[in-house]
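For the single chain, residues carry numbers from 1 onward in sequence order. When reading the values below, keep in mind they use all heavy atoms of this one structure, side chains included, and skip hydrogens, waters and symmetry mates. Not measured: the values here are computed from a predicted model.
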Amino acid sequence: MQRITIPEILQDEWFKKGYKPPVFEEKDDTNLDDVEAVFKDSEEHHVMEKRKEEEQQPTTMNAFELISMSKGLNLENLFDAEQGFKRETRFTSKCPANEIIHKIEAAAKPLGFDVHKKNYKMRLESSKAGRKGNLNVATEIFQMAPSLHMVELRKAKGDTLEFHKFYKNLSTCLEDVVWKTEEDMKEVK
């Protein structure tokens, strides 16, 4: 026994009964910019609502996002090739988001990094090549509460060990920005 093919179905009298083939109309005034924006991952093509500079705020983090960042729920270690070395780190701060941005920029430039800022995201690019090329660090500030921010630093490119060395140097310059709990203060003493 053999199955019927699609061309045979289309020729069958039963199929043709009441069948109207689809008619596709093409509009000449179609704007392909939106279609191209979907396939290009460039921020210049994204449709965004324009806001005044003073109205912009860091991305607000909801409870689900916060829970998913919990160490107990993080499954990344199961798939991470460079086990033992994290490619990202986070800290919290009670400073305003603009102040955090300025402090990170002031701390990164003397370490040999070019700083590119857009809203509350930063890309820090090392001018010196390391073991695996230039180190690039993506930084984003999230608002957890009106007076509490979380800063995430991720290695975007380069060597993981160089990222840790960079973060250690950067964090010494940001001691007045990083919020420490009473338990953290006891551990330092």
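With sequence neighbours excluded, the residues forming a side chain to side chain contact (heavy atoms under 4.5 Å, CB included) with A97 are P58, Y120, I141, H149, listed by chain and number. By the side chain to side chain donor-acceptor pair (under 3.5 Å) test, R154 is found to be paired with E152, residues two or more places apart in sequence or in another chain being considered. For N134, the side chain to side chain donor-acceptor pair (under 3.5 Å) test picks out no residue, with sequence neighbours left out. Contacts of F113 classified as ring pair (Phe, Tyr, Trp, His ring centres under 6.0 Å), with partners at least two apart in sequence or in another chain: F166. Annotation: side chain to side chain donor-acceptor pair (under 3.5 Å) contacts of E13 (sequence neighbours excluded): none. Q11 meets the side chain to side chain contact (heavy atoms under 4.5 Å, CB included) test with K16; sequence neighbours excluded. For K109, the side chain to side chain contact (heavy atoms under 4.5 Å, CB included) partners are E105, V115, not counting sequence neighbours. Among residues two or more places apart in sequence or in another chain, the side chain to side chain contact (heavy atoms under 4.5 Å, CB included) test is passed with T89 by L153, F163, Y167.
Partner of I100 under the side-chain contact (heavy atoms from CB on, under 4.5 Å) criterion, chosen from V177, V178, L174: V177.
The closest donor-acceptor contact from the side chain of D12 to the backbone of W14 lies under 3.5 Å.
The CZ atom of F15 lies 8.5 Å from the CD1 atom of I6; values are rounded to the nearest 0.5 Å. In this structure, K155 NZ and H164 NE2 are separated by 8.5 Å, a value rounded to the nearest 0.5 Å. Taken to the nearest 0.5 Å, the NZ atom of K157 stands 10.0 Å off from the OG atom of S126. In this structure, CG on L111 lies 8.0 Å from NZ on K128, to the nearest 0.5 angstrom.
Taking 4.5 Å as the limit, some side-chain heavy atom of M122 sits within range of a side-chain heavy atom of I104. Within the 4.5 Å cutoff, no side-chain heavy atoms of D159 are placed close to those of L135. Contact of the R90 side chain with the V151 side chain is not registered, since no non-hydrogen atoms from C-beta on lie closer than 4.5 Å.
Within the structure, every pair that satisfies the salt bridge (charged side-chain N to carboxylate O under 4.0 Å, His left out) test and touches residues 162-179, not counting sequence neighbours, is listed here: K103-D176. Within the structure, the side-chain hydrogen bond (donor to acceptor under 3.5 Å, both in side chains) test picks out no pair touching residues 136-148 (sequence neighbours left out).
Taking all atoms of both residues into account, the shortest heavy-atom contact from N169 to T172 is O-OG1, 2.6 Å.
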